Amino acid sequence: MKVGNLDIGKKLFLAPMAEITDSSFRKICKEQQAGITFTQMVSADGVVNNNFETLRHFSFSRSEKPIGVQILGNHPETLFEAVKEISKMKPDLIDLNCGCPVDKVCSKKMGAALLDDPKTLSNLVRKMVDGSNGIPISVKLRLGKDKSTVNVLENAKVVEDNGGTLIFVHARTRADKYDMNADWTWLKKVKGAVTIPVVGNGSMFTPHDVKEMIDLTGCDSAMIARGALGNPFIFSRFNVLMEKGIDPGEPDAFIVRDTLLKHIKNLEEEFGELLALDKAKKHSIWYFKNYTGINSLLEKVFSVKKLDSLRGLIIDHTEKIMRSSKEIHIKEEIHKKFQKKVLFWLADQNISTLG
């Protein structure tokens with residue numbers, strides 16, 4: 001599919017995720033052949049006011065392109081100025097978040113609250129297009145406020161009619177929880193309602209999930225969120241599936257180990273040891289969640305005080321996996337917890353932007 005003048009073929013998108021899609025993780029996903037990665041979501045107000053944390057969240061290097069930036073806001077002029085500023089960095093895509101369901105966001109009439117007001121949405125999209133200096137503008141939508149007020153078809157037309165280049169659709173309503181399966185039937189309806197590309201999002205954890213969604217709905221691509229956590233391999237596996245018709249399957253534990261260690265090195269270079277350690281612990285659990293011994297790893301990882309100790313634990317854990325079995329055992333209870341909470345100790349408000 002094409003994004004502006006960029007043709008990414010059949011490759012997938014990495015979704016913007018709070019405290020996840022930093023440069024360290026984006027680089028790993030790019031190495032695994034993601035089509036386009038996203039920075040973390042940023043506030044339009046923060047961009048306009050040169051807030052340090054906001055600027056840090058959407059900074060990226062030229063080597064990371066193609067890349068998208070997702071923005072949160074509800075004031076037309078502020079979004080115009082923010083997009084104008086972001087466009088100077090020449091990302092490949094700038095996206096408006098109309099999907100975040102968290103109360104503290106929706107109470108300010110941002111995120112998924114914008115779904116309730118197509119007229120305001122039309123003004124926002126038009127202002128973003130006007131300020132973008134030719135950078136393609138997209139919008140991430142949910143189906144609607146709840147199942148009784150699904151208005152995604154109307155909102156999709158609003159995006160198209162006001163100059164949007166493509167639409168991401170998270171196939172849940174604002175009221176739906178993450179342990180509920182996404183309703184892909186609406187993706188097919190959206191695809192039939194507009195002429196611009198439609199990218200599906202929600203409940204895709206394997207390459208076969210992605211292919212099934214695309215085959216059922218006709219969507220042009222998929223945006224992967226939780227399915228990429230600890231699993232950047234989903235991008236390269238999907239590409240092989242589409243090219244050769246065969247999914248190469250889960251990587252063995254040695255490949256997971258080496259990728260995780262590279263990811264930790266990226267984290268250390270980006271954040272320094274202290275901040276990198278907590279992030280690396282989360283990612284370590286995600287990378288090994290489907291392998292034997294995950295409960296043992298969970299018991300040990302919290303007590304680690306240094307990155308070198310964590311590296312040693314990862315190496316030792318990998319050896320134990322490979323000695324015990326070369327099969328990957330997906331435990332149903334682990335997967336259910338992962339679907340509901342992403343990580344067992346992560347608060348609900350911190351997973352609000354995960355698809």
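All figures in this text were calculated on a predicted structure; none of them were measured in a lab.
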key: E154/K157 under salt bridge (charged side-chain N to carboxylate O under 4.0 Å, His left out): CA gap, chis, key distance, verdict   = CA-CA 5 Å; E154 180 183 1; K157 284 297 293 178; over 6 Å; no
ask   = What's the verdict on side chain to side chain donor-acceptor pair (under 3.5 Å) for D45 and N49, showing C-alpha distance, side-chain angles and the deciding distance?
value = CA-CA 6 Å; D45 285 331; N49 294 320; 5.1 Å; no
key: Verdict with reasoning, R311 to L261, per side chain to side chain contact (heavy atoms under 4.5 Å, CB included)   = CA-CA 7 Å; R311 291 183 180 102; L261 291 176; 3.9 Å; yes
ask   = For S23 and E64, what are the C-alpha separation, side-chain angles and deciding distance, and is it a side chain to side chain donor-acceptor pair (under 3.5 Å)?
value = CA-CA 8 Å; S23 180; E64 291 188 68; 3.1 Å; yes
message = side chain to side chain contact (heavy atoms under 4.5 Å, CB included) for I224 and M204? Distances and angles first, verdict last.
response = CA-CA 7 Å; I224 308 300; M204 287 173 281; 4.2 Å; yes
Stepwise side chain to side chain contact (heavy atoms under 4.5 Å, CB included) check, K140 with H170 = CA-CA 7 Å; K140 187 175 183 185; H170 183 148; 4.1 Å; yes
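In terms of heavy-atom proximity, C98 sits nearest to L121 at SG-CD1, 3.7 Å. The minimum heavy-atom distance between I321 and A253, with the atom names listed, is CG2-CB, 3.8 Å. When all heavy atoms of D95 and S138 are compared, the closest pair comes out as OD1-OG, 2.6 Å. Nearest heavy-atom pair, M223 versus F38, reported as atom, atom and distance to 0.1 Å: CE-CE1, 3.7 Å. In this structure, P16 and M41 approach most closely via the heavy-atom pair CB-N, 4.3 Å. In plain terms, the two heavy atoms of V301 and I285 that are nearest each other are CG1-CD1, 3.8 Å.
Salt bridge status for D220 with K10: absent, with no side-chain N to carboxylate O gap under 4.0 Å. Salt bridge annotation for K320-D316: present, with a cationic side-chain nitrogen under 4.0 angstrom from a carboxylate oxygen. Under a 4.0 Å N-O distance rule, the pair E270/K265 does not qualify as a salt bridge.
A search for side-chain contact (heavy atoms from CB on, under 4.5 Å) contacts involving A44 returns I71, T78, L79, A82, not counting sequence neighbours. Shown here are the ring-ring contact (aromatic ring centres under 6.0 Å, His included) partners of H75, two or more places apart in sequence or in another chain: there are none. Shown here are the side-chain contact (heavy atoms from CB on, under 4.5 Å) partners of T173, two or more places apart in sequence or in another chain: L143, K147, V150, A175, D176. K30 pairs by the side-chain contact (heavy atoms from CB on, under 4.5 Å) definition with P66, not counting sequence neighbours. In terms of the side-chain contact (heavy atoms from CB on, under 4.5 Å) criterion, residue partners of D247 (sequence neighbours excluded) are, by chain and number, P207, H208, R237, L241. Residues satisfying the ring-ring contact (aromatic ring centres under 6.0 Å, His included) test with F58, not counting sequence neighbours, are none.
Dense packing is recorded around NZ of K65, with more than 12 heavy atoms of other residues, nucleotides or ligands lying under 6.0 Å away. Applying the 6.0 Å contact sphere to CG of N5 captures no more than 12 heavy atoms from other residues, nucleotides or ligands.
Between the CZ atom of F238 and the CD atom of Q32 there is a distance of 15.0 Å, given to the nearest 0.5 Å. Between N162 atom CG and R126 atom CZ the span is 5.5 Å, to the nearest 0.5 Å. Interatomic distance, CD1 of I28 versus OG1 of T37, reported as 12.0 Å (0.5 Å rounding). Note that CD1 of I137 is 4.5 Å distant from OG of S132, once rounded to the nearest 0.5 Å. Distance CD/E273 to CD1/I264: 11.0 Å, rounded to 0.5 Å. Atom-to-atom distance recorded for K188:NZ and C219:SG is 11.0 Å, nearest 0.5 angstrom.
In this structure, the side chains of I135 and D92 stay at 4.5 Å or more apart for every pair of heavy atoms. The shortest side-chain heavy-atom distance between V304 and K281 falls under the 4.5 Å cut-off. Two residues are said to be in side-chain contact when any heavy atoms from C-beta on lie closer than 4.5 Å; S296 and K300 meet this criterion. Between D22 and T39 the shortest side-chain heavy-atom distance does not fall below 4.5 Å. Using a 4.5 Å heavy-atom threshold, the side chains of F233 and E250 count as separate. M1 is listed as a side-chain neighbour of V199, based on a closest heavy-atom distance under 4.5 Å. Contact check for T318 versus V256: no side-chain heavy atoms found under the 4.5 Å cut-off. With contacts defined as side-chain heavy-atom distances shorter than 4.5 Å, the pair L229/I20 qualifies.
Under a hydrophobic clustering in which Ile, Leu, Val, Met, Phe, Trp and Tyr are joined whenever their side-chain heavy atoms come within less than 4.5 Å, directly or via other members, V152 and V158 fall into the same cluster. Clustering ILVMFWY residues whenever any of their side-chain heavy atoms sit less than 4.5 angstrom apart, transitively, puts V194 in the very cluster that holds I214. Residues Y291 and L313 fall within the same hydrophobic cluster, defined by Ile, Leu, Val, Met, Phe, Trp and Tyr side chains chained together at heavy-atom separations under 4.5 Å. Note: the hydrophobic cluster containing V47 also contains V83 (ILVMFWY, side chain heavy atoms under 4.5 Å, direct or indirect links). V240 and I8 are not part of a single hydrophobic cluster, where members link through side-chain heavy atoms under 4.5 Å apart.
The closest donor-acceptor contact from the side chain of D209 to the backbone of T206 lies under 3.5 Å. With hydrogens and angles ignored, the 3.5 Å screen pairs no side-chain donor or acceptor of N201 with any backbone N or O of A222. Under the 3.5 Å distance criterion, the side-chain polar atoms of N266 are left unmatched by any main-chain donor or acceptor of E269. Under a 3.5 Å cut-off, the side chain of N97 and the backbone N or O of G111 do not form any donor-acceptor pair. The backbone N or O of I255 sits less than 3.5 Å from a side-chain atom of D252, completing a donor-acceptor pair.
Between F25 and H283, the ring center distance clears the sub-6.0 Å criterion.
Judged by the 6.0 Å and 45° rule, K11 forms no cation-pi pair with F235. Figure legend: cation-pi geometry between K189 and W186, with NZ or CZ positioned under 6.0 Å from the six-membered ring centre and within 45° of its axis. A cation-pi arrangement, defined by a distance under 6.0 Å to the six-membered ring centre and an angle within 45 degrees of its axis, is present between K127 and F80.
Between the side chains of Y287 and H263, at least one donor N or O lies within less than 3.5 Å of an accepting N or O. A donor-acceptor contact under 3.5 angstrom links the side chains of N133 and S87, judged on distance only. Side-chain contact of N123 with T120: a donor-acceptor pair under 3.5 Å is absent, judged by distance alone. A donor and an acceptor atom, one from each side chain of R172 and S203, are located under 3.5 Å apart. Side-chain atoms of T195 and E160 include a donor-acceptor pair closer than 3.5 Å.
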